[in-house]
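Have a look at the structure below, then the notes.
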Amino acid sequence: MTEYQLPKAYDFKSTEPRVYEMWEKGGYFQPSNDPRKPDFDPAKKPFVISIPPPNVTGELHLGHPLFVSMEDLMIRYHRMKGIPTLWVPGTDHAGIATQLQVEKALAKEGLSREQIGRDEFLRRIWDWKEKYGGIITTQIRRLGASCDWKRERFTLDEGLSRAVREAFVRLYEKGLIYRGPRLINWSPGLKTAVSDLEVEYSEEPGKLYYFKYMLAGMKGEYIPVATTRPETILGDTAVAVHPEDERYKKFIGKKVIVPILGREVPVIADEYVDREFGTGALKITPGHDPNDYEIGQRHGLPVLSMLDREAKVTEVGGPYAGLDRFACREKLWEDMRAAGLVIKEEPYTLNVPRSQRGGEIVEPMISEQWFVKIEPLAKAALEAVRDGRIKIVPERFEKVYFNWLENIRDWCISRQLWWGHRIPVWYCADCGGQTCARTDPLLCAHCGGKNIQQDPDVLDTWFSSGLWPFSTLGWPDKTPDLEYFYPTTVMETGYDILFFWVARMIMMGLEFTGEAPFHTVYLHGLVRDEHGRKMSKSYGNVIDPLLVMDEYGTDALRFTLLVGSTPGQDMNISEKKVEANRNFANKIWNAGRFVISAIASLDDRGLQTADHRPSSTLHGQSDWTLADSWIWARLQQLVRAVERLFQSYQFGEAGRQIYEFFWSDFADWYVEVAKLQMQKEETRQQTVVTLARVLDISLRLLHPFTPFVTEELWGHLRRAVGQNAILSYLAKDWPQALIIAPWPEPRPEEGWEAGKTADFALVQEIVRAIRNLRAEKKVSPAKRLPAILVGGAKTNLLAEQSPVIAALAGLAPAQFTIHRLLAAKPENAITLVVGPVEVHVPLAGMVNLDEERSRLEKELSSLQVQIERLEKLLASDFADKAPPAVVQRERERLDSFRETAEKLKAQLG
RNA sequence: GGGCGCAUAGCUCAGUUGGUUAGAGCGUCUCUCUUACACAGAGAAGGUCAGGGGUUCGAGUCCCUUUGCGCCCA
């Protein structure tokens, strides 16, 4: 017999790395049914998740532990169910973010990327990736992620680059990719175009500038115009008014003079103009405003670009050429004031477009870029969700998804960056033709000339991310992985990237594979600080998950994130919560320690092992005590609830219920009763069996939530049970590790549960009532109290449970009697009424008759209220219309209240 | 402007087919180092479930509406 000397507190620091290594070395992260292996069975349906790839050189923030915990939970659950599972890990090259990091490092050496050139810059960025690229995946391992690292991918690796190239060429050949000058969002600091999604609008205080648009050839007549961006006057090509606006109708078709520049532009009529806003007349700058651009298109207006790629005024701006956009605004306005064209300025709240990255003000401008013609893709993507091929959880996000796709605009996919997938198009200097090819061409496809040059731009990072679920499995090749694991099962990610990523994956998946890339989209909320504020460095409320794990352990962090969240809802996190769950991990550990020591203490002295196995599979019978039956019934109830909750993605609620069961039912009650049962020879073995079985199943249920502590403890349990001559039969089917132990399958009730549960609940109530009395009367916990119980119909139950009641309530066994009926009320005793049971506690010298009387009266009166309420309820329509079971339950409650009230009345005499 | 979410104990939150007198963690108060755990145990206090209206035998839960906060889209 081996003695188990487990540390008094769970030591996550030494456990976590060791356990993770054991899993990884044991090959448990690989699918149990693998198309790359000979015994592969294509008929088994796998469960597959592709990881939302984190930025390869990024830092771990709380968003990562959240998605890792969620996905790992789903993966572990399915793995334990025996389903072949694959979780594909990987990282994203994160074009802008990574390039900026390296540029920043370069700047410290006083260099710019232009100075060192494209090739050298790319070499450095790859060095950077090699140096820092492993950090994030190491951190994800630390979170316990059970993904198949053998299948790890990177968006810029060879295979994925080929996928990107294939995707681009196919869209190009289909005419769904085009290049052209369009109004795009330009980021002057980064000097690249960005997509509509990468622009965020923020409300900021600004001004509305009113000025005069003088009419050409009509002395002194003018149209008053208001604008938030006076500098764009330099690019105006019209003034628009509403066709029915009485004020300005007469000017339609006339010309007005652009201030300072003196150009003449037409006055046009367009229904877009809002007569209520500003002066009701709108200056039109098609080159620098999306709405104006559309109006310009409608009216065939010329488009002027008055800002260059650095947001400085171009020659279009005449005297202002070379000025920065903001300096120009001031100078022009002052000049206009001097020219008598200014009317007034008003404070006004602007909606300023800012770059999602860096926050600089984005400039709408005309630029030659590549676009994806999105409408046909969007249509298919809408259909896939509408007809249920893809389900979004929570459902309300389907509406958001529809709304976005229904109003989607073409996607600008070219970026003026160097880090990314280069656009596979070559321009011919001889014939001007474009050559788009899967492999780098040497000759122009049109004229055969050698004078071709590749487009310098790269693709939006999300273009490659959109291919992720299938590119990671080998697409465009028909690899065995792709055949078997695609489409994937669940896409789990934050709702903040529903458009950026999820919608695009759906569009691309349908386009290139003909299938929805996943069946279910599960969207989680965002993690905020304990008061619901967004975490930000400037605010100083950022919680670093690494520090949290250092202090409280990974399981505590995971459990906090999993249990603290509801689908699609933001969650607030605080260290306090993590600490509470660290305590839970410790609770698991210690309850386990107790069970293991109980097993170790059970030897085979005088016991014939074979004969002492439970003969019946029907539980709650024969050699089972009430507590054994109760905890088993509760556990089975829990297994059923957890199964139901998992099916509906309510992982948080499932975790809470397991927590409740483990701490309140198992540790607080059953373990305490078990201590007693183990002292008796006849119940000892059955108790240890129950302890072992309940712990085993509990650990299995908890494993997806808190994998480390459960794996470690289960290992000890397995060894202890396996080495025990009497109990080893219990573990005969247990595998090497908990990670692959079978998930507890829900089984139907057997019929005995309700009765046993009610009986145990009565015992609990009696114990609580006595404990309460002790606390109220300030009786020392060490003092054993005498007691007289009057049980009526429950006398047999009380007699059988008397040792339990005595032990848990601190009664003195020698002075503790049970009666069916009692002729006279004991003297000098305090009486507690618990349902059908009376508990008389003689407390010499502590009984104040008046106090007792008023206590009983108070109890009686609150009972009367309940009785009246129920009598009224049962006399109403309720009795006819409510389901019989509900009515029956209320009737029983009323009976029990009446019984208690009668007893109280008798006491009061 | 359109859409969505939230409002439940001092704080942070659960509460998904509507069904006991609404739960948890933290915090507060009282007691206890009882041989798994003081990262603990026992007990207690604390809520007109934002306001109003409706449906129903029955509403924290469903419908309408008002107010406040937050988010997304334009």
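Within every chain, numbering begins at 1; the chains are lettered A, B, ... in the order of the sequence lines, protein sequences first and strands thereafter. Only this structure's heavy atoms are used, side chains among them; waters, hydrogens and symmetry mates stay out.
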Exercise for the section: Report the C-alpha distance between A:Thr15 and A:Val709 in whole Å, list the side-chain angles of each, state the deciding distance to 0.1 Å, and finish with yes or no for side-chain contact (heavy atoms from CB on, under 4.5 Å). Expected result: CA-CA 8 Å; A:Thr15 304; A:Val709 65; over 6 Å; no
Practice task
Quick one: label A:Asn351 by what it contacts on the DNA or RNA (base, sugar-phosphate, nothing), any heavy atom closer than 4.0 Å.
Solution key: base
Practice task
With C1' as the reference atom in both, quote the distance from B:U56 to B:C64 in angstrom, rounded to an integer.
Solution key: 16 Å
Practice task
For B:U66 and B:U17, measure between their C1' atoms and round to the nearest Å.
Solution key: 30 Å
Tell me which donor-acceptor pairs under 3.5 Å the side chains of residues 658-667 of chain A have, and how far apart each pair is, sequence neighbours excluded?
| residue | atom | partner | partner atom | Å |
| --- | --- | --- | --- | --- |
| A:Ser664 | OG | A:Glu660 | O | 3.4 |
| A:Asp665 | OD2 | A:Arg634 | NE | 2.6 |
| A:Asp665 | OD2 | A:Arg634 | NH2 | 2.6 |

Practice task
Assign A:Trp663 to base, sugar-phosphate, or nothing according to its heavy-atom contacts below 4.0 angstrom with the strands shown.
Solution key: sugar-phosphate
Handout entry: Closest to the A:Asp877 side chain, choosing from B:C73, B:A36, B:C57
Key = B:C57
Practice task
Pick the P atom in B:U34 and in B:A14, then give their distance to the nearest Å.
Solution key: 38 Å
Fill in the blank from the handout: note: A:Ile658, atom CD1; B:A14, atom P; distance rounded to Å ~ 18 Å
Exercise for the section: Classify the nucleic acid contact of A:Asp668 as base, sugar-phosphate or nothing, counting any heavy atom under 4.0 Å across all strands shown. Expected result: sugar-phosphate
Problem - No-hydrogen, no-angle side-chain donor-acceptor test under 3.5 Å, A:Asn590 and A:Tyr10 - result: no
Problem - For RNA chain B, the residues among residues 391-407 of chain A that have a non-hydrogen atom under 4.0 Å from it - result: A:Arg396, A:Lys399, A:Asn403
Exercise for the section: Evaluate the ring planes of A:Phe651 and A:Tyr522, with Trp represented by its six-membered ring, and classify them as parallel (under 30°), tilted (30 to 60°) or perpendicular (over 60°). Expected result: tilted
Practice task
For A:Asn291 and B:C73, give me the distance from atom CG to atom P, rounded to whole Å.
Solution key: 16 Å
Practice task
Please state how far atom CZ in A:Arg774 lies from atom P in B:G41, giving the value in whole angstrom units.
Solution key: 18 Å
Problem - B:G25 to B:C72 separation - P atoms, rounded to the nearest Å - result: 34 Å
Handout entry: Nucleotide B:A36, atom C1' - distance to CD1 of A:Ile599 in whole Å
Key = 13 Å
Handout entry: Proximal nucleotide (of B:G43, B:C73, B:A14) relative to the A:Arg768 side chain
Key = B:G43
Practice task
Measure the distance from CD on A:Glu672 to P on B:C37 and round it to the nearest whole Å.
Solution key: 11 Å
Practice task
Could you check A:Gln650 against A:Arg771 and say which one's nearest nucleotide on RNA chain B is further toward the 5' end?
Solution key: A:Gln650
Handout entry: side-chain contact (heavy atoms from CB on, under 4.5 Å) partners of A:Asp696, counting only residues at least two apart
Key = A:Arg700, A:Trp714, A:Leu717, A:Trp734
Handout entry: A:Lys8 side chain near B:A38 phosphate (N/O to OP1/OP2, under 4.0 Å)
Key = yes
Exercise for the section: Among residues two or more places apart or on two chains, list those pairs meeting salt bridge (charged side-chain N to carboxylate O under 4.0 Å, His left out) that have a residue in residues 859-874 of chain A. Expected result: A:Arg855-A:Glu859, A:Glu871-A:Arg898
Problem - Whole-angstrom distance between B:C31 and B:A24, as gauged at atom P - result: 23 Å
Practice task
Could you tell me whether A:Phe499 contacts a base, only the sugar-phosphate backbone, or nothing, with contacts defined as non-hydrogen atoms closer than 4.0 Å?
Solution key: sugar-phosphate
Fill in the blank from the handout: Rounded to the nearest 0.5 Å, the CD atom of A:Gln356 sits from the CD atom of A:Glu200 at a distance of 5.0 Å
Practice task
Scan A:Val563 against the nucleic acid and name what it touches under 4.0 Å (heavy atoms): base, sugar-phosphate only, or nothing.
Solution key: nothing
Handout entry: Whole-Å C1' distance, B:U21 and B:G47
Key = 13 Å
Problem - A:Asp292-A:Tyr272 side chain donor-acceptor pair, cut-off 3.5 Å - result: no
Exercise for the section: Looking at every strand, decide which applies to A:Ala667 at a 4.0 Å heavy-atom threshold: base, sugar-phosphate, or nothing. Expected result: base
Exercise for the section: Apply side-chain contact (heavy atoms from CB on, under 4.5 Å) to the pair A:Val887 and A:Phe878, showing each step before the final yes or no. Expected result: CA-CA 7 Å; A:Val887 178; A:Phe878 172 80; 4.0 Å; yes
Problem - Base-pair map of RNA chain B as dot-bracket, where | denotes pairing with a different strand and pairs are Watson-Crick or G-U under 3.5 Å - result: (((((((..((((.....[...)))).(((((.......))))).....(((((..]....)))))))))))).
Practice task
Please answer whether the main-chain N or O of A:Leu645 pairs with a side-chain N or O of A:Glu653 as donor and acceptor at a distance below 3.5 Å.
Solution key: no
Completion exercise
Rounded to whole Å, CG of A:Leu498 lies from P of B:G5 at a distance of 15 Å
Handout entry: Contact pattern, 5' to 3', of nucleotides 18-31 of chain B - B, S or - by protein heavy atom under 4.0 Å
Key = -BBB--SSS---S-
Practice task
Anything under 30° is parallel, anything over 60° is perpendicular, the rest tilted; go ahead and classify A:Trp669 against A:Phe760.
Solution key: perpendicular
Completion exercise
From the candidates B:C57, B:C71, B:C37, the one with an atom nearest any side-chain atom of A:Lys587 is B:C37
Exercise for the section: Please evaluate the base of B:C39 for a donor-acceptor partner in the side chain of A:Arg582 within a cut-off of under 3.5 Å? Expected result: yes
Problem - Spacing of the C1' atoms in B:A40 and B:C62 (rounded, Å) - result: 44 Å
Practice task
Report the distance from atom CD of A:Gln764 to atom P of B:A42, rounded to the nearest whole Å.
Solution key: 11 Å
Practice task
Decide yes or no for A:Asp555 and A:Phe584: does some side-chain heavy atom of the first lie under 4.5 Å from some side-chain heavy atom of the second?
Solution key: no
Handout entry: Side chains of A:Glu198 and A:Ser195, donor plus acceptor under 3.5 Å
Key = yes
Problem - Upstream residue (5' side of RNA chain B) when A:Ser648 and A:Trp589 are each assigned their closest nucleotide - result: A:Ser648
Exercise for the section: Rounded to whole angstrom, note down the C1' distance from B:C57 over to B:G15. Expected result: 23 Å
Exercise for the section: Salt-bridge test for A:Arg640 and A:Glu643: reply yes if a basic N is under 4.0 Å from a carboxylate O, no otherwise. Expected result: no
